Each structure stands twice: as C-alpha cells, then as structure tokens.
Amino acid sequence: MSTRGSAMAKHDFTNRVALVTGAAGGIGRATALELARAGAKVAVADIDLEHAKNTVSLIEQAGGTALAIRVDVADPLSVAAMVAKTVDTWGRLDFAHNNAGVLGGSRPIVEMPDEVWLRGIAVMLTGVFYCMKHEIPAMIRGGGGAIVNTSSGAGMIGVPNQADYVAAKHGVIGLTKSAALENIGHNVRINSICPGTARSRMVDNWLQGSEDAERQVASLHPIGRIAEPEEIARVVCWLLSDDASFVVGATIAADGGYTVP
Ligand SMILES: NC(=O)c1ccc[n+]([C@@H]2O[C@H](COP(=O)([O-])OP(=O)(O)OC[C@H]3O[C@@H](n4cnc5c(N)ncnc54)[C@H](O)[C@@H]3O)[C@@H](O)[C@H]2O)c1
C-alpha cells in the first residue's frame, strides 16, 4: 500500500482548534486537510483568499469545519486580526502551523534587490515571529498548545543564489528554539519542520513544468523523488499531537535524505 497520499486520520483532534498559514495550497493545504480529517476546526489563513476558500471547500466536502482568513503574515496588525478571528469564532487555539512562504530571490547576493531580501525575511522569518507572538498567549489562555514552524532543508545547509530564503529558513530554526525554551513551561510545545522538495504551487513555479528539472531536483534527494505535500503534513500533525509530547524545540527533517550527506 502506498504511504504517500492521504490516508485515514491517525490522530483524534476533536474539539481542537488549529490555525495554518500558507494554507491556500501545497504543504499548508495538506496540513489543513489532515487536521480537519482528525476532527480539528481549522482556520485556513493565506494572503490568497480565493485559494484559501478552495481549501475550506475541500475540508467541508470531507465533512470537516474550516474558516478562510486573509492574512499577510508580514503585517503585524493582519496577524493579530487572524488570531483574534480564530479565537472569536471557536473560543480557543490549540495548534498552529506557521507555514506561509515565498520563492526566494533566485539570484546572487550582489544582484539581489534590497526589497527582495527584505520581503523574503519579512514573510518567512518576521512573519513566524508575529504569528507566535499572538498565538502563544491564546494557547496559554486555553491551557497550552503546540506550534510547528516551517523551515526547510535550506534552513540546514547553504544554497547558492537563495540567500534570502536560506537566511530566513535558518532564522526560523533559531527562532523556534528560543520560543520553545520560553514556552514549554506554559505547556506550549514548539518545533520546526524542514521539508525537502514537495509538490506545491511554489515548486511548480520553480520547475516550470519541466520533467527534466523535476528529475534533476529529485536526484538531489537520496530517496530518488520529491515528496507529496501529504508526506510533510503527516509529520506536522504528528509534531502537533500528543504522540510528540516529549519533542521540544526540535528541528525535524522530512526531506528524503536531502540534508544527510
Ligand atoms: N514545497 C517545498 O519543496 C518546500 C520545501 C521546503 C520548505 N517549504 C516551505 O513550505 C512552506 C509552504 O510552501 P509550499 O511549497 O507549500 O508552497 P505554496 O506556494 O503552495 O504555499 C505557500 C503559501 O504561502 C502563501 N503566502 C505567501 N506570502 C504570504 C503572506 N505574506 N501572508 C500569508 N500567506 C502568504 C502563498 O499564497 C501560498 O499559498 C513555505 O514556507 C516554503 O518555504 C517548501
């Protein structure tokens, strides 16, 4: 039996409330669907409201409960409103997957416009900071919770022509460790996940439909292929669940061996 695509829910998240950023597609959508399948009510947050609504429709068609929220994670007021809307709607917040991201500048540092650098850091690093700043108090008010921040294989190693992306994703790992130490005493567990290449709109834009390019990228992963987003989502849900109750401040690679050699 294939273990790549969606399978039956492995956790019971009934009466739990979850928030996923970057949930309009890819890894975030897969996490939102998996959380909902396990019984959680899910706030599907993204700057792309139209596709976030599509994620909500998929959840509802499968019998789950979800709410689409437009957010720009680089805007602190927008992030505060996202968390407030989630808590106002369902009364609590148990889980968060801070996952919104953008394709890096894809050019050498000396050619990278300042605004490209600043936007990458704003969305993928400062955005995670803003999200946790508002999520953690909401979780503490409810007795605790769990957070997973999306880093990347590029958070563990250097990649040429991706300095903005690599710096942001390395930053997410450090930010996660500090946040984990600050909050485990409040019963909020915080970890980061480092996916290898997984099928998503971001990766589709990067590969531009080229099978050759996909084969080349797949060959960088010792497993010999890229991931389905559900394979990342299931690790996120495990990290959020009580099955990972002793996992604190960890950096979990789900990358087909990409960062092993
Ligand atoms: N797919 C991969 O190969 C891969 C590998 C490692 C890490 N990641 C990370 O996983 C996360 C999800 O990416 P994905 O591959 O599923 O791509 P994706 O493009 O499907 O998802 C990213 C989502 O973030 C949203 N977003 C962008 N800027 C935003 C903002 N300012 N505020 C709110 N939402 C915003 C986009 O609209 C999009 O829906 C990203 O953080 C990415 O860096 C992806």
Side-chain angles (χ1 to χ4, degrees), residues 19-34 43-56 58 68-83 96-106 116 118-131 134 148-157 159 162 164-173 175-176 192-207 213-214 217-218 220-221 223 225-233 235-236 251-256 258-259:
L19 168 58
V20 183
T21 70
I27 293 168
R29 172 177 284 178
T31 302
L33 282 160
E34 187 75 12
V44 173
D46 205 288
I47 202 164
D48 175 353
L49 183 61
E50 193 187 327
H51 285 94
K53 285 180 177 170
N54 293 343
T55 302
V56 169
L58 291 170
I69 301 175
R70 187 191 177 279
V71 68
D72 178 355
V73 295
D75 172 355
L77 294 179
S78 180
V79 170
M82 167 188 75
V83 175
H97 181 200
N98 298 320
N99 168 75
V102 288
L103 207 52
S106 302
V116 171
L118 290 169
R119 183 66 183 165
I121 299 296
V123 173
M124 290 184 283
L125 180 55
T126 310
V128 175
F129 164 76
Y130 290 147
C131 285
H134 293 280
V148 174
N149 297 320
T150 301
S151 176
S152 170
M156 302 171 89
I157 59 173
V159 183
Q162 295 283 347
D164 53 342
Y165 190 86
V166 166
K169 294 303 190 181
H170 274 72
V172 167
I173 291 174
L175 176 61
T176 299
S192 57
I193 185 159
C194 295
T197 308
R199 218 172 288 286
S200 70
R201 288 188 300 171
M202 185 186 291
V203 166
D204 289 347
N205 289 340
W206 177 44
L207 299 177
E214 179 170 333
V217 172
L220 300 173
H221 299 67
I223 199 169
R225 61 176 178 84
I226 67 172
E228 298 303 325
E230 291 79 10
E231 295 181 274
I232 312 301
V235 182
V236 173
T251 310
I252 303 292
D255 66 2
Y258 174 68
T259 55

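Remember, it's 1-based here, ligands and their atoms both numbered in the order they're listed. As the structure is a computational prediction, the values presented were derived from the model and not from experiment. Position 1 is the first residue of the sequence, and the numbers go up from there. Scope of the values below: all heavy atoms of this structure, side chains included, with no hydrogens, waters or symmetry mates.
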Ligand 1-proximal atoms of Ile27, by part, heavy-atom distance under 4.0 Å: both
Side-chain heavy atoms of Thr251 within contact of Cys194, under 4.5 Å: yes
Structural part of Lys169 in contact with ligand 1, heavy atom criterion under 4.0 angstrom: side chain
For the student: nearest non-hydrogen atoms of Asn98 and Cys131, plus distance: OD1-CB, 3.3 Å
Heavy atom of the protein closest to atom 13 (O) of ligand 1 (residue, atom name, distance): Met202 CE, 3.8 Å
Sub-4.0 Å atoms of ligand 1 with respect to non-hydrogen atoms of Tyr165: 6 (C), 7 (C), 8 (N), 9 (C), 42 (C), 43 (O)
Arg119 and ligand 1 - part of the residue with a heavy-atom distance under 4.0 Å: side chain
Residue and atom name of the nearest protein heavy atom (relative to atom 33 (C) of ligand 1), distance in Å to one decimal: Val71 O, 3.2 Å
Heteroatom proximity flag, Ile47 to ligand 1, N/O under 3.5 Å: yes
Shortest reach to atom 2 (C) of ligand 1 by a heavy atom, considering only Ala198, Gly22, Ala100: Ala198
Proximal atoms of ligand 1 relative to Gly25 (non-hydrogen, under 4.0 Å): 20 (O)
Ligand 1 contact on Ser151 by region, counting heavy-atom pairs under 4.0 Å: backbone
For Val123, atoms of ligand 1 separated by under 4.0 Å from a heavy atom: 28 (N), 31 (N)
Side chains of Thr55 and His51 in contact at under 4.5 Å (non-hydrogen atoms): no
Per-atom contacts of ligand 1 with Asn99, taking only distances under 4.0 Å to non-hydrogen atoms: 10 (O), 11 (C), 12 (C), 40 (C), 41 (O)
Top protein contact for atom 10 (O) of ligand 1, by heavy-atom distance: Thr150 CG2, 3.3 Å
Test of proximity, Val73 against ligand 1: N or O pairs below 3.5 Å: yes
Any N/O pair Asp46/ligand 1 closer than 3.5 Å: yes
Nearest atoms (heavy-atom pairs only) where Ala254 meets Ile193: CB-CD1, 4.3 Å
The single option from Val79, Val73, Leu77 passing side-chain contact (heavy atoms from CB on, under 4.5 Å) against Asp75: Leu77
Proximal atoms of ligand 1 relative to Gly26 (non-hydrogen, under 4.0 Å): 16 (O), 20 (O)
CA sep, side-chain torsions, deciding dist, call: Leu33, Leu58, side-chain contact (heavy atoms from CB on, under 4.5 Å): CA-CA 8 Å; Leu33 282 160; Leu58 291 170; 3.9 Å; yes
Considering all heavy atoms, the nearest Ile232-Ala227 contact: CD1-CB, 4.3 Å
Closest heavy-atom pair and its distance - Tyr130, Ala74: CE1-O, 3.5 Å
Val236 side chain near Glu34 side chain, heavy-atom distance below 4.5 Å: no
Residue, atom name and distance, where the atom is the protein heavy atom closest to atom 27 (C) of ligand 1: Gly101 O, 3.3 Å
Closest to atom 5 (C) of ligand 1 (judged by heavy-atom distance), picking from Ser200, Ala45, Gly196: Gly196
Proximal ligand 1 atoms for Asp72, defined as those under 4.0 Å from one of its heavy atoms: 30 (C), 31 (N), 32 (N)
Closest contact, heavy atoms only, Met124 versus Ala100: CG-O, 4.1 Å
Heavy-atom pair with the smallest gap, counting every atom of Asp204 and Arg199: OD1-CG, 4.5 Å
Whether Ser192 side chain and Thr150 backbone form a donor-acceptor pair below 3.5 Å: no
Side-chain heavy-atom pair Thr21, Asp46 within 4.5 angstrom cut-off: no
Interfacing atoms of ligand 1 (cut-off 4.0 Å, heavy-atom, Val102): 27 (C), 28 (N)
For ligand 1, the portion of Val203 having any non-hydrogen atom under 4.0 Å away: side chain
